[in-house]
Protein chains: 2
Amino acid sequence: MTTIADVAKYTGLSRATVSRVINNYPHVSEQKRELVRQAMMELGYYPNSAAQSLRNQKTGIVAVLVPRLTNPFFTSIIEGLEVIAEKNNLQLLICQTKASKQKELSFLKLLKTKQVDGLIFTAIENEWSKIEPYVDCGPIILCNEYQDDATVPMIKLDQYNGSYMGTKHLIERGYKKIAFCGGGSESGLSLDRKKGFLAALSEAGIKGEDKWMFPFVYNIGDGKKVMKEILAMDDRPTAVFTSSDEVAAGIIKEAKDNNLTVPEDIAVIGFDDQAIAQIIEPEMTTIYQPSEEIGRVTMEVMIELLNNKAQSKMKMIYELPINLVIRKST
Amino acid sequence: MTTIADVAKYTGLSRATVSRVINNYPHVSEQKRELVRQAMMELGYYPNSAAQSLRNQKTGIVAVLVPRLTNPFFTSIIEGLEVIAEKNNLQLLICQTKASKQKELSFLKLLKTKQVDGLIFTAIENEWSKIEPYVDCGPIILCNEYQDDATVPMIKLDQYNGSYMGTKHLIERGYKKIAFCGGGSESGLSLDRKKGFLAALSEAGIKGEDKWMFPFVYNIGDGKKVMKEILAMDDRPTAVFTSSDEVAAGIIKEAKDNNLTVPEDIAVIGFDDQAIAQIIEPEMTTIYQPSEEIGRVTMEVMIELLNNKAQSKMKMIYELPINLVIRKST
DNA sequence: GTGAAAGCGCTAACAT
DNA sequence: ATGTTAGCGCTTTCAC
């Protein structure tokens with residue numbers, strides 16, 4: 001392995017000068033600078049990043065916690081994060097939590113061990129008090145997810161309004177018996193979606209039915225299960241509000257497999273507006289979330305914090321709009 | 001920041017002893033071991049990973065290069081890689097190349113700068129000669145992808161046979177005018193798929209038509225484009241062999257949108273057997289690839305190489321089987 | 001403009 | 001069983 005000392009010896013200069021060239025510092029004569037560059041090439045020298053991290057007390061790496069990489073919504077956020085990260089010479093360390101509290105906590109250790117400079121949650125399982133102790137180790141940001149008691153920046157989408165609009169749309173179409181599929185949590189994103197849903201209902205004088213509320217529904221398989229439960233009911237809903245396009249796709253597929261017509265027999269609205277929304281038949285009405293953009297904004301805030309250690313523990317809330325895309329499933 | 005020296009001072013022991021406890025080395029009395037553990041807790045000590053990497057000359061991180069995270073086939077490989085990595089205390093560094101030669105090369109630098117111990121390609125854009133210089137920096141493995149002149153382990157799926165089986169199935173169903181959608185490369189995986197396709201054709205005495213060969217086709221949008229081209233033809237194929245379920249989904253959707261019936265007017269076969277294959281109507285005949293398994297096998301080989309520096313440059317080929325899943329689109 | 005040297009936090013010989 | 005110490009490769013004062 002060739003080190004900075006090798007380059008120094010090879011050029012007859014000191015390690016300090018070589019370092020200055022590596023880091024593009026001024027006060028090196030153009031001639032020596034070129035000499036060093038040449039030597040680095042010839043020797044195939046690359047700075048050892050562990051040594052740099054140790055010395056500089058920073059790694060240039062930011063961790064991103066996602067529940068599941070197989071969900072296109074999260075990979076799309078990552079796309080946005082990556083664009084900005086790359087421009088700023090930051091590496092993303094993508095960590096899959098599988099929605100496990102324990103895994104989440106274990107990835108937080110990356111901050112303690114200085115393996116990363118900052119950390120971004122795109123979903124969060126643990127209550128904030130468990131996360132709190134880590135905020136001293138480097139900037140933490142909540143992206144997409146949010147929690148009332150968190151003391152860090154949160155970049156969120158207007159979930160309340162999103163589900164309010166979606167639900168209102170169903171009501172305007174004449175549906176009154178509306179089921180709701182959501183996540184498990186009774187806070188943050190999940191809670192706001194539920195609130196928006198209920199607000200639209202009550203505004204129209206409709207009472208929500210507990211038996212039509214389905215929590216812990218996340219993917220295609222879950223959607224199929226929900227539809228099966230609905231099919232077994234005597235009093236079936238005529239429309240379903242879902243928490244993701246994947247869930248909606250599962251519901252639609254299962255409905256069709258049981259000879260129901262969408263939206264005549266049952267209307268379904270998705271959430272996210274991923275590719276699948278336009279592949280399935282009927283094409284899906286859904287709530288578009290600017291997932292790449294939320295990623296970009298988040299990383300911009302992260303970079304701000306990284307350069308500005310002072311304010312990293314400030315509670316800030318950025319909210320991006322969300323909108324309804326009407327297609328054929330409602 | 002609390003360091004090993006703080007723990008040493010706090011316990012009245014030496015840094016060496018503390019280090020021994022951290023790394024679970026023997027020759028420390030149970031009493032002092034407990035004392036140190038207690039102190040680490042109380043002080044909130046976590047070892048600095050940059051210092052460990054520098055000292056140990058290894059990072060415990062393996063890079064995985066994927067073209068696009070939004071393709072479920074690759075995230076599924078990652079799932080497999082991750083399972084085994086986790087068991088062996090390895091971190092994955094997931095790198096998205098966007099199928100760019102330049103990005104690929106730039107990620108290879110991670111090996112040079114010692115930011116990772118090894119690197120896995122799940123697809124490869126550059127010719128092998130460009131990669132070759134990096135094999136000295138740590139184990140490199142080709143997973144899913146392969147190249148004849150590569151001198152490293154390759155874990156591949158039997159692409160030739162997969163596309164042979166798929167094509168034969170189409171022929172047995174009575175289709176003779178068969179289009180082919182593939183990737184861009186004329187080597188490795190892409191080439192083998194083409195070979196398998198052509199072999200099945202020629203075995204049946206069918207001549208492949210150049211005008212029905214579509215290269216550089218990767219996602220839903222590409223699939224739609226291909227279908228549009230087909231629609232514009234005077235002499236249309238009656239079946240399409242595709243390189244992924246996403247492509248097939250795009251083709252099927254576009255066909256239906258133009259009032260063609262699948263498979264009566266045009267049959268379509270996918271590749272991968274992802275979730276979308278069972279969501280679309282008609283449900284898709286496709287070629288199942290054991291994507292998680294190939295990930296697991298790859299990481300097992302990686303771990304072997306990491307422990308066994310000697311043989312990391314050996315050319316080995318592992319081949320996993322692939323099989324046909326017949327549904328309704330053919 | 002350039003060099004000498006200290007030290008980032010850790011581990012592993014080697015000594016006791 | 002425990003401690004002393006050198007050094008991993010790099011950057012950054014502080015001299016000159």
Side-chain angles (χ1 to χ4, degrees), chain A residues 1-37 39-40 43-61 89 109-117 137-138, chain B residues 1-37 39-40 43-61 89 109-117 137-138:
Chain A
M1 186 192 196
T2 103
T3 75
I4 201 171
D6 298 324
V7 180
K9 193 186 292 174
Y10 189 80
T11 54
L13 295 166
S14 71
R15 293 179 309 170
T17 302
V18 177
S19 175
R20 289 187 187 104
V21 175
I22 292 170
N23 297 288
N24 282 314
Y25 284 177
H27 308 308
V28 179
S29 71
E30 200 46 56
Q31 175 210 353
K32 312 236 164 181
R33 194 182 290 278
E34 196 44 53
L35 179 66
V36 170
R37 288 223 181 91
M40 296 199 298
L43 297 173
Y45 168 77
Y46 288 84
N48 178 308
S49 55
Q52 287 182 313
S53 296
L54 178 58
R55 175 66 226 224
N56 295 332
Q57 302 285 32
K58 68 177 182 193
T59 61
I61 304 178
N89 288 315
K109 277 195 211 131
L110 293 169
L111 229 33
K112 291 272 190 205
T113 61
K114 304 291 175 203
Q115 215 155 33
V116 301
D117 296 338
C137 306
Chain B
M1 185 192 198
T2 105
T3 74
I4 201 170
D6 299 325
V7 181
K9 193 185 293 174
Y10 190 80
T11 55
L13 294 166
S14 70
R15 292 179 309 170
T17 302
V18 176
S19 176
R20 288 186 188 105
V21 174
I22 293 170
N23 296 288
N24 280 314
Y25 284 176
H27 308 308
V28 179
S29 72
E30 201 44 56
Q31 175 210 353
K32 313 235 164 182
R33 193 183 292 278
E34 197 42 53
L35 179 67
V36 171
R37 288 222 180 91
M40 295 198 300
L43 297 173
Y45 168 77
Y46 287 83
N48 179 306
S49 55
Q52 288 183 314
S53 297
L54 178 58
R55 175 65 229 222
N56 295 332
Q57 302 285 31
K58 66 177 182 194
T59 62
I61 304 178
N89 289 315
K109 277 194 209 131
L110 294 169
L111 230 33
K112 291 273 190 205
T113 61
K114 304 290 175 204
Q115 216 157 35
V116 302
D117 297 337
C137 306

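Atoms considered below: every heavy atom in the structure, side chains included; atoms not considered: hydrogens, waters and symmetry mates.
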field: N or O in side chain of B/Y45 less than 4.0 angstrom from C/dC10 OP1/OP2
entry: yes

field: For atom CD1 of B/I4 and atom P of D/dT5, their distance in whole Å
entry: 16 Å

message: Reading DNA chain D from 5' onward, which residue's closest nucleotide shows up sooner: B/E30 or B/A51?
response: B/E30

task: Kindly say whether A/V7 contributes a backbone atom to a donor-acceptor pair with the side chain of A/T11 at under 3.5 angstrom?
output: yes

task: Write down the atom of B/K114, the atom of B/C137, and the distance for their closest heavy-atom approach.
output: NZ-O, 3.7 Å

query: Rounded to the nearest Å, what distance is computed from the NE2 atom of residue A/H27 to the P atom of nucleotide D/dT12?
result: 13 Å

statement: When every non-hydrogen atom of B/T59 is compared with those of B/D117, the smallest separation belongs to N-OD1, 2.8 Å

field: Selection residues 16-34 of chain A - residue pairs positive for salt bridge (charged side-chain N to carboxylate O under 4.0 Å, His left out), sequence neighbours left out
entry: A/E30-A/R33, A/E34-A/R37

message: Please report the distance, rounded to the nearest Å, between CD in B/Q52 and P in D/dC10.
response: 19 Å

query: In whole angstrom, what separates B/Q57's CD from C/dA12's C1'?
result: 13 Å

Under 4.0 angstrom between A/S29 side-chain N/O and C/dT2 OP1 or OP2: yes

Any A/Y25 side-chain N or O less than 4.0 Å from OP1/OP2 of D/dT11: no

- request: Calculate the interatomic distance between B/R15 atom CZ and C/dG9 atom C1'; express it in whole Å.
  value: 8 Å

Separation of D/dG9 C1' from A/N48 CG (nearest whole Å): 6 Å

5' precedence on DNA chain D between B/R33 and A/A5 (nearest-nucleotide basis): B/R33

field: B/T3 to B/Y45 - nearest heavy-atom pair and separation
entry: C-CE1, 3.5 Å

query: Would you say A/Y46 reaches D/dG9's phosphate, i.e. side-chain N/O to OP1/OP2 under 4.0 Å?
result: no

- prompt: Is there a side-chain contact between A/I4 and A/I22 (heavy atoms, below 4.5 Å)?
  reply: yes

query: Does B/N56 put a side-chain nitrogen or oxygen below 4.0 Å from OP1 or OP2 of D/dC8?
result: no

- request: Using only side-chain N and O atoms of B/T17, determine if any of them is under 4.0 Å from OP1 or OP2 of D/dG3.
  value: yes

- line: The nucleotide from C/dA4, D/dC10, D/dT2 with an atom nearest the side chain of A/S14 is C/dA4

- request: Looking only at side-chain atoms of A/I22, point me to the closest of D/dG3, D/dT11, D/dC10.
  value: D/dT11

message: Between B/K32 and D/dA1, is there a contact of a side-chain N or O with OP1 or OP2 at under 4.0 Å?
response: no

Whole-Å gap separating P (C/dT11) and CG (B/L54): 11 Å

message: With rounding to the nearest 0.5 angstrom, report the CG to CZ distance, B/L54 to A/R55.
response: 12.5 Å

query: Which of the following nucleotides, C/dT11, D/dG9, C/dT2, is nearest to the side chain of A/T3?
result: D/dG9

Restricting both atoms to N or O, compile the protein contacts to nucleotides 14-16 of chain D shorter than 3.5 Å, with distance only.
none

message: I need the minimum non-hydrogen distance between B/S14 and B/A8, along with the two atoms involved.
response: C-CB, 3.8 Å

statement: note: A/K114, atom NZ; C/dG9, atom P; distance rounded to Å ~ 10 Å

